[in-house]
Amino acid sequence: MKYINKKFTIEKVSVQKIAKKFDTPTYCYSYKKLNENIKNFKKNFKSFSPLICFAIKSNTNVNLIKEIKNFGLGADVVSMGELMMALKAGINPKKIVFSGVGKTSKEINYAIDKKILLINAESKSEIKEIEKIANLKKRKVQVGIRLNPNTDAKTLKQISTGKRENKFGVNDKVFIEIVKYCKNSNYIDLKCLSVHIGSQILDHKPYEKMLNVISKIINKINHNFEFIDLGGGMGISYNSRNKKLNYKKYNLAIKKFLKNHKSKIIFEPGRSIVGNTGILICKVIYIKKTESKNFVILDAAMNDLIRPALYGAVHKILPSVKKNKKLYKTYEFVGPICESTDKFATSKNFQELKEKDLIIICDVGAYGMSLSSNYNLRPKPTEILIKGSKIKVIKKRQKYRDFI
Ligand SMILES: *Cc1c(COP(=O)(O)O)cnc(C)c1O
């Protein structure tokens with residue numbers, strides 16, 4: 001994705017062409033970038049060839065998941081809907097893990113029937129529920145237990161999950177109790193220790209700490225885990241000043257861990273696979289000057305992309321065409337929704353805009369469309385996938401008749 005002759009272009013297609021053909025707001029993904037991300041991810045950890053389970057919640061588009069499946073990835077799901085979507089995309093159930101603190105008996109039933117690789121349980125009650133259902137089916141079920149390693153991921157507090165005060169996983173004491181319980185169960189096959197300490201992690205040190213905690217607890221108990229599921233959370237660069245996660249050091253720490261604990265590593269990356277593959281193309285509806293600000297009112301809003309409103313996340317905003325004449329302004333980019341938090345960013349030194357200009361919001365491939373809603377009864381945007389000069393609609397714009 002770059003400017004070619006001053007026009008922002010995805011692979012071989014300009015944003016202007018997409019907007020003309022599909023209208024705005026439109027989510028647009030690059031196949032090439034997806035391919036690159038997956039190849040790099042595999043390369044970073046190639047010495048122990050992990051099972052990579054794409055975190056479906058980051059992007060639930062069935063056509064995009066199909067492409068991801070074609071690269072050999074499995075899925076990490078957190079609800080029955082996501083499990084159905086992963087299966088619909090053709091992902092092998094033996095490559096699916098099911099996470100989440102509140103799996104209902106209906107969801108557990110479905111997961112057992114589909115013979116997925118692992119149900120990663122997050123409490124004693126859940127283990128008992130799985131056992132009860134497995135007993136009724138007279139089937140031994142493969143499970144993991146999610147450990148809360150009490151490790152600070154050094155990320156936004158809203159997307160931190162591995163600290164004692166977070167609802168996720170169980171502490172070491174409960175973990176050991178559950179291991180004992182599982183050993184005496186005829187219907188639980190304890191295969192995995194899982195963790196996931198948070199999202200948008202850019203420092204390798206929390207991962208090192210997490211591995212040390214896992215190592216210690218395994219040394220305390222006499223159990224061989226066939227799988228160690230390290231979760232996802234690898235961060236991406238939302239702006240050029242972003243620190244970059246040191247994959248080399250993370251890889252080294254895992255290799256060291258594997259010397260003492262032989263097991264298959266599972267990862268559950270979401271953002272690092274799809275985050276930078278997507279942009280949101282939108283249009284300036286009005287420019288509204290007030291005493292203190294220049295508001296740029298876009299046709300995209302917090303219902304299309306909620307990350308800035310939800311966690312104060314910052315997404316780079318770019319013009320679709322770079323102008324020759326250098327006249328810069330400070331703009332506040334907002335959506336039309338009736339909430340003051342419906343704001344994307346304030347940009348200083350942005351090239352002068354006019355109404356109907358096209359705008360690009362960057363790095364929205366993860367937690368963009370998947371967190372979208374119909375708030376203010378706004379239809380959900382179109383999603384398209386670019387492969388070279390080919391454009392494929394992977395989800396049509398929602399129609400008013402879908403909800404009226
Ligand atoms: C959200 C989540 C992931 C994916 O996190 P990313 O930051 O997108 O890599 C992985 N595992 C679990 C259990 C999750 O909840």
Side-chain angles (χ1 to χ4, degrees), residues 34 37-38 40-41 44-45 50-61 64-65 68 73-79 81-83 85-86 95-103 107 111 116-123 126 143-149 151 153-163 166-170 192-204 206-207 210 214 227-238 242 244-245 247 250 265-278 306-307 310-311 313 363-371:
L34 179 70
N37 290 346
I38 295 175
N40 283 335
F41 195 96
N44 285 329
F45 303 108
L51 171 62
I52 307 169
C53 294
F54 172 63
I56 300 287
K57 77 169 186 283
S58 65
N59 194 308
T60 55
N61 187 293
L64 207 72
I65 301 169
I68 291 167
L73 273 62
D76 166 53
V77 301
V78 292
S79 71
E82 285 192 5
L83 175 49
M85 195 62 104
K95 288 185 179 177
I96 299 179
V97 301
F98 194 166
S99 312
V101 291
K103 301 177 201 79
E107 290 178 314
I116 65 169
L117 180 64
L118 291 166
I119 302 177
N120 284 337
E122 306 211 15
S123 62
E126 187 186 342
V143 305
I145 310 169
R146 178 163 172 185
L147 175 72
N148 181 328
T151 308
K154 305 224 160 58
T155 182
L156 292 170
K157 76 171 190 308
Q158 298 96 326
I159 53 176
S160 192
T161 56
K163 290 268 288 169
N166 300 128
K167 68 182 172 186
F168 302 97
V170 296
C192 177
L193 180 158
S194 84
V195 283
H196 173 71
I197 58 172
S199 201
Q200 186 53 14
I201 298 169
L202 294 167
D203 185 351
H204 64 280
Y207 284 127
M210 166 190 99
I214 301 172
F227 301 100
I228 300 288
D229 180 344
L230 297 176
M234 296 82 167
I236 62 169
S237 296
Y238 283 102
N242 245 174
K244 283 203 170 58
L245 176 64
Y247 277 92
Y250 189 19
I265 296 291
I266 299 175
F267 285 119
E268 304 167 343
R271 192 188 309 273
S272 52
I273 301 296
V274 291
N276 64 3
T277 66
I306 203 177
R307 297 189 70 255
L310 192 62
Y311 349 98
D363 305 312
V364 298
Y367 308 104
M369 188 64 176
S370 67
L371 270 163

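Counting starts at 1 for both ligands and their atoms, in listed order.
A salt bridge does not link Glu82 with Lys57: none of the charged nitrogens is closer than 4.0 Å to a carboxylate oxygen.
Partners of Arg146 by salt bridge (charged side-chain N to carboxylate O under 4.0 Å, His left out), not counting sequence neighbours, listed by chain and number: Glu122.
Of the N and O atoms on the side chains of Asn37 and Asn276, at least one donor lies less than 3.5 Å from an acceptor on the other residue.
Rounded to the nearest 0.5 angstrom, Phe98 CZ and Cys53 SG are separated by 13.5 Å.
By the 4.5 Å heavy-atom criterion applied to side chains, Ser58 and Ile273 are not counted as neighbours. His204 is listed as a side-chain neighbour of Leu245, based on a closest heavy-atom distance under 4.5 Å.
Residues lining ligand 1 at a heavy-atom distance below 4.0 Å are given as Ala55, Lys57, Asp76, Ser99, Arg146, His196, Ser199, Gly232, Gly233, Glu268, Pro269, Gly270, Arg271, Tyr367, ordered by chain and residue number.
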